[in-house]
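Below is one structure; the comments refer to it alone.
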Protein chains: 2
Amino acid sequence: MAVKKAHRYCLDTVKPVRDALDVLQGKWKLPIIISIGAGNDRYTDIQDSIPGITPKVLAKELKELEQHQLINRVITEGYPVKIAYYTTAHSDTLWPIIFALKDWGLNHRKQIFRKV
Amino acid sequence: MAVKKAHRYCLDTVKPVRDALDVLQGKWKLPIIISIGAGNDRYTDIQDSIPGITPKVLAKELKELEQHQLINRVITEGYPVKIAYYTTAHSDTLWPIIFALKDWGLNHRKQIFRKV
DNA sequence: CCGTATCCTGCACGATACTG
DNA sequence: CAGTATCGTGCAGGATACGG
């Protein structure tokens, strides 16, 4: 065979996974979505809910997430102006990934402590 | 309340997700596991099945994956010596994550083309 | 309250050549 | 076949201070 069967099957899975990783990769993107999804809608709230994130990094990540339609930045005029972040219908489809990662992360800890 | 409810809930999810990301993060780890899981057990097979990966990077990633008990490196004596890589029971538990990422990646493409 | 502005650092990743 | 050896680079991420 010109191309191995396993290679073809592998590519069919790897390609979309890479598309997902390209958008979700990094230390902060999913934590930020989790935080906003949990109800933290203000910048300071989000920052306080994610230990270790700096304002510069948070601002950059928020912009990228907005560009990818994973969050909405909503400005409400008034005194003072209110700025809030919300998840989108699109980012709501991320929860299967997040829960899968959460479950696996919990299990991974057990696995490491058992064997090492 | 001293700590917002949303912060507490957020942390409960973020922490295990970070544990998972710490191990799985990067451009190549999941693709390599997918490739080995698809039946590519030889070094060259894996390399050929993942477009763009260089031998140096592949070697480094394989070592890290082995350390995290996500793959086994099996040496079979003989002429010539045979070296093969296999998934582990632990890495088999990654498939929910992989399939979730695959589904989301496919859907994300559609989403992007629709809106932009 | 919601961010910018600077400055800095490491390492993830890449190109290319070579080896037992 | 299964990797090392060198060399190189960009950018994710961090520390700190400041601004409308």
Side-chain angles (χ1 to χ4, degrees), chain A residues 4 6-7 14 17-33 35-36 39-68 70-86, chain B residues 4 6-7 14 17-33 35-36 39-68 70-86:
Chain A
K4 295 190 64 166
H7 288 190
V14 165
V17 166
R18 293 255 281 206
D19 288 340
L21 289 180
D22 285 343
V23 178
L24 304 175
Q25 190 144 202
K27 196 171 170 178
W28 302 111
K29 294 221 167 52
L30 287 176
I32 290 169
I33 288 175
S35 173
I36 298 177
N40 297 306
D41 57 348
R42 314 302 299 271
Y43 187 92
T44 310
D45 263 359
I46 301 168
Q47 194 178 339
D48 291 345
S49 71
I50 304 176
I53 198 165
T54 61
K56 189 195 89 173
V57 169
L58 177 55
K60 183 194 152 217
E61 301 284 288
L62 286 173
K63 274 172 196 158
E64 291 180 17
L65 289 172
E66 199 190 357
Q67 278 172 14
H68 288 118
L70 294 175
I71 59 171
N72 283 135
R73 185 175 185 271
V74 178
I75 307 169
T76 307
E77 299 298 340
Y79 305 95
V81 170
K82 181 187 168 190
I83 297 174
Y85 295 92
Y86 301 104
Chain B
K4 296 189 64 166
H7 287 191
V14 166
V17 167
R18 291 256 280 205
D19 289 338
L21 289 180
D22 285 343
V23 178
L24 304 175
Q25 190 148 196
K27 197 171 170 179
W28 302 112
K29 293 221 167 52
L30 287 176
I32 289 169
I33 288 175
S35 173
I36 298 177
N40 297 306
D41 57 348
R42 314 303 298 269
Y43 187 92
T44 309
D45 263 358
I46 300 167
Q47 193 178 341
D48 291 345
S49 71
I50 304 175
I53 198 166
T54 61
K56 190 194 88 171
V57 169
L58 178 54
K60 183 194 151 217
E61 300 284 288
L62 287 173
K63 273 172 197 160
E64 291 179 18
L65 289 172
E66 200 190 356
Q67 277 171 16
H68 290 299
L70 294 175
I71 59 171
N72 282 135
R73 184 176 186 272
V74 178
I75 307 170
T76 306
E77 298 299 339
Y79 304 95
V81 169
K82 180 187 170 189
I83 297 174
Y85 294 92
Y86 301 103

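Chain letters run A, B, ... following the sequence lines, proteins first, then strands; residues in each count from 1. What you see is a predicted model; the values in this text were computed from it and never measured.
For D:dG13, the base has no donor-acceptor partner in the side chain of A:K60 [N/O atoms by modelled type, under 3.5 angstrom].
Nearest nucleotide to the B:V57 side chain, out of D:dG13, C:dC13, C:dT4: C:dC13. The listed nucleotides are C:dT4, C:dG14, D:dT4; the one nearest the side chain of B:T54 is C:dG14. The listed nucleotides are C:dG14, C:dG3, D:dG3; the one nearest the side chain of B:R73 is D:dG3.
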- [ ] Check the pair A:H7, B:D45 against side-chain contact (heavy atoms from CB on, under 4.5 Å), reporting the backbone distance first and the verdict last.
- [x] CA-CA 8 Å; A:H7 288 190; B:D45 263 358; 4.0 Å; yes
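In terms of position along DNA chain C, the nucleotide closest to A:T44 lies nearer the 5' end than the nucleotide closest to the other residue of the pair A:Q25 and A:T44.
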Open item on the list: Dot-bracket, 5' to 3', for DNA chain D please: Watson-Crick or G-U pairs under 3.5 Å, [ ] where pairs cross earlier ones, | where the partner sits on another strand, dots elsewhere.
Closed with: ||||||||||||||||||.|
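One atom, CD1 of B:I32, and another, P of D:dG3, lie 12 Å apart when rounded to the nearest Å. Put simply, CG on B:L65 is 13 Å from P on C:dA12, counting in whole angstrom units. Rounded to an integer number of Å, the gap from CG of A:L58 to C1' of D:dA12 is 15 Å. Nucleotide D:dG13 holds its C1' atom 9 Å from the CH2 atom of A:W28, rounded to whole Å. Counting to the nearest Å, the C1' atom of C:dA12 and the CG atom of B:D22 are 15 Å from each other. In this structure, A:K82 places its NZ atom 14 Å from C1' of C:dC2, rounding to the nearest Å. C:dG3 atom C1' lies 8 Å from atom OH of A:Y85, rounded to whole Å. Look at NZ on B:K27: it is 7 Å from C1' on C:dC13, rounded to the nearest Å.
Across C:dC2 and D:dA17, the matching P atoms stand 22 Å from one another, rounded to whole Å.
With sequence neighbours left out, the side-chain hydrogen bond (donor to acceptor under 3.5 Å, both in side chains) criterion links B:H68 to no other residue.
Looking only at side-chain heavy atoms (C-beta outward), B:I50 and B:L58 stay at 4.5 Å or farther from each other.
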